[in-house]
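Order of the sequence lines sets the chain letters (A, B, ...), proteins ahead of strands, with each chain counted from 1.
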Protein chains: 2
Amino acid sequence: MPKPRSPHRPRTLAPIPYVSGVEYDVLDDLLGYSLRRAQVAMFMAFHEATRGEDITPPRFTSLVVIGANPGLTQSALGEVLGIARSGAKMLVDWMQARLLVERRRPDGDSRAWGLHLTRAGERFVRGMKRRVSSKDRARASRLSAAERRELLRLLAKLAG
Amino acid sequence: MPKPRSPHRPRTLAPIPYVSGVEYDVLDDLLGYSLRRAQVAMFMAFHEATRGEDITPPRFTSLVVIGANPGLTQSALGEVLGIARSGAKMLVDWMQARLLVERRRPDGDSRAWGLHLTRAGERFVRGMKRRVSSKDRARASRLSAAERRELLRLLAKLAG
DNA sequence: TATTGTTATACTCTATAACTATA
DNA sequence: TATAGTTATAGAGTATAACAATA
């Protein structure tokens, strides 16, 4: 019955609340559940840091990785992100449409695209890195510096 | 051009690899990125633990929370999960279709549904809790018991 | 008026599989 | 044959907005 209407906010994601009076049972002891809650909290920090820019975590990661690895191919980008080639293409299309990234044919393989930041892309990534890192640390100010380092260490050990 | 064909695996989610030779720049120092990697790793553990059962993290969480809070309403379930009421309804439809959950009108409010596990639901949740907890701990065996506790503490502090 | 649940719809993300061009 | 990229399509998950029934 409802007519199609207005667009979604691109990514809302409220914090996952601890609802008072609700018993969480085994969830409180699962790393998976705790990780999910923490990740949503950090995603919100990311969202605040990038407010006004139509950027998402995969887009941000792509830009950073291309900046640090000029000439990276789309396939390699997909591998880094853990997504399929078709998804990597769409990300690159977006970055190219925003004039942040250029596709150049690398010497010696005319099937592939080498990805490079444009001047605007470099400037943009520099600013975003600053804003995202700053918010990430602001959120982590609930932890001491030692705790933050320890958390990074434990997460790497778990994921590795 | 491609003809529509075969279905998706419901949730594949490969680990996010560290691609050798690739420079990760600022990502290595972002809690948000590390959390994402760890969360994908733990999601894979969940997926293994629940292999053969058509279950997902929100479904598992729903069943556990309903089991621990009999009579919970759909709205409250949505709040716990951090999703909209319409999404909570679909989850409950799924659980009810599998005869794991019953909707009962609570005394005093005939708008709401009180959610209750069926006998089969209780049995099912008991088994899933065992399997998921076991896999969660197996994955965490990369950490010492003290490290695991510390990680849970730090995550709660970060998300809280 | 506000809340619970329901319905219909829309959008994002990412997967699959087939295709083309090149290696 | 294998790989890089492209295209078309499918599906999961979740949001929005309006509605009916009840509070």
Side-chain angles (χ1 to χ4, degrees), chain A residues 1-14 16 36 40 43 47 54-62 71-97 101-115, chain B residues 1-16 36 40 43 47 54-62 71-96 101-115:
Chain A
M1 271 79 172
K3 289 166 301 183
R5 219 165 323 273
S6 81
H8 296 224
R9 283 172 285 168
R11 279 180 152 281
T12 312
L13 221 39
I16 301 181
R36 169 79 183 139
V40 168
F43 174 71
H47 194 248
D54 184 21
I55 197 122
T56 62
R59 288 173 184 174
F60 174 76
T61 301
S62 297
L72 195 79
T73 64
Q74 286 185 193
S75 290
L77 177 63
E79 196 189 350
V80 169
L81 296 172
I83 63 174
R85 295 196 304 280
S86 54
K89 180 210 187 279
M90 302 213 323
L91 280 169
V92 175
D93 285 348
W94 179 87
M95 295 185 282
Q96 189 177 48
V101 160
E102 278 175 7
R103 287 171 159 111
R104 301 192 205 143
R105 286 292 181 204
D107 295 347
D109 192 339
S110 46
R111 294 173 302 182
W113 289 119
L115 304 174
Chain B
M1 272 85 172
K3 290 166 301 185
R5 217 165 322 274
S6 81
H8 297 223
R9 283 172 285 169
R11 278 178 152 283
T12 312
L13 221 39
I16 302 181
R36 170 78 183 140
V40 169
F43 173 72
H47 194 248
D54 184 23
I55 197 127
T56 61
R59 288 174 183 173
F60 174 76
T61 301
S62 298
L72 196 77
T73 64
Q74 286 185 192
S75 290
L77 177 62
E79 195 188 352
V80 169
L81 296 173
I83 63 173
R85 294 195 305 280
S86 53
K89 179 209 186 279
M90 301 212 326
L91 279 168
V92 175
D93 285 347
W94 179 87
M95 295 184 284
Q96 189 177 48
V101 160
E102 278 176 6
R103 288 170 159 113
R104 301 192 205 140
R105 285 293 181 204
D107 296 347
D109 191 341
S110 44
R111 295 171 302 180
W113 290 118
L115 304 174

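For R59(A), the listed nucleotide lying nearest its side chain is dC13(C); candidates were dA23(D), dT6(C), dC13(C). The side chain of R111(B) approaches dT4(C) more closely than any other nucleotide in the set dT14(D), dA23(C), dT4(C). Side chain of R103(B), nearest nucleotide from dT6(C), dG5(C), dA15(C): dT6(C). Nearest to the side-chain atoms of S110(A) among the listed nucleotides dT3(C), dG13(D), dT22(C) stands dT22(C). In the set dT6(D), dA8(C), dG5(C), the nucleotide with an atom closest to the side chain of R85(B) is dG5(C). Of the candidates dG5(D), dT6(C), dA15(C), dG5(D) carries the atom nearest the Q74(A) side chain, counting heavy atoms from C-beta on. The listed nucleotides are dG5(D), dA15(D), dT4(C); the one nearest the side chain of S75(B) is dT4(C). Here dA15(C) is the nucleotide among dA15(C), dG5(D), dA4(D) with the atom lying nearest to any side-chain atom of A84(A). The nucleotide whose nearest atom lies closest to any side-chain atom of I83(B) is, among dC13(C), dT14(D), dT6(C), dT14(D).
In this structure, the side chain of R59(A) does not engage the main chain of M95(A) through any donor-acceptor pair within 3.5 Å.
For the pair D107(A) CG and dA4(D) P, the interatomic distance rounds to 17 Å; values are reported in whole Å. As rounded to whole Å, 12 Å separates atom P of dA21(D) from atom CZ of R105(B). Straight-line distance from the CG atom of D54(A) to the P atom of dC11(C): 14 Å, rounded to whole Å. Atom P of nucleotide dT6(C) and atom CE of M90(B) are separated by 12 Å, given to the nearest angstrom. For the pair I55(A) CD1 and dT12(C) P, the interatomic distance rounds to 16 Å; values are reported in whole Å. Atom-to-atom, CG of L91(B) to P of dT7(C) comes out at 15 Å; the value is rounded to the nearest Å. Distance W113(A) CH2 to dT20(C) C1': 14 Å, rounded to the nearest Å. One atom, CD1 of I16(A), and another, P of dT14(D), lie 10 Å apart when rounded to the nearest Å.
Tested against Q74(A) for a side chain to side chain donor-acceptor pair (under 3.5 Å), the candidates R103(A), K89(A), R85(A) yield a single pass: R103(A).
Judged by the 6.0 Å and 45° rule, R104(A) forms no cation-pi pair with W113(A).
Between I83(A) and A88(A), the shortest heavy-atom contact is CD1-N, 3.7 Å. Heavy atoms only, all atoms of each residue included: P58(A) and L81(A) are closest at O-CD2, 4.2 Å.
Looking at heavy-atom distances under 4.0 Å, A112(A) makes contact with sugar-phosphate atoms alone, never a base.
Along DNA chain C, the nucleotide nearest D109(A) and the nucleotide nearest D109(B) are compared for position; the residue whose nucleotide lies closer to the 5' end is D109(B).
Taking side-chain N and O atoms only, S86(A) has no distance below 4.0 Å to OP1 or OP2 of dA8(D).
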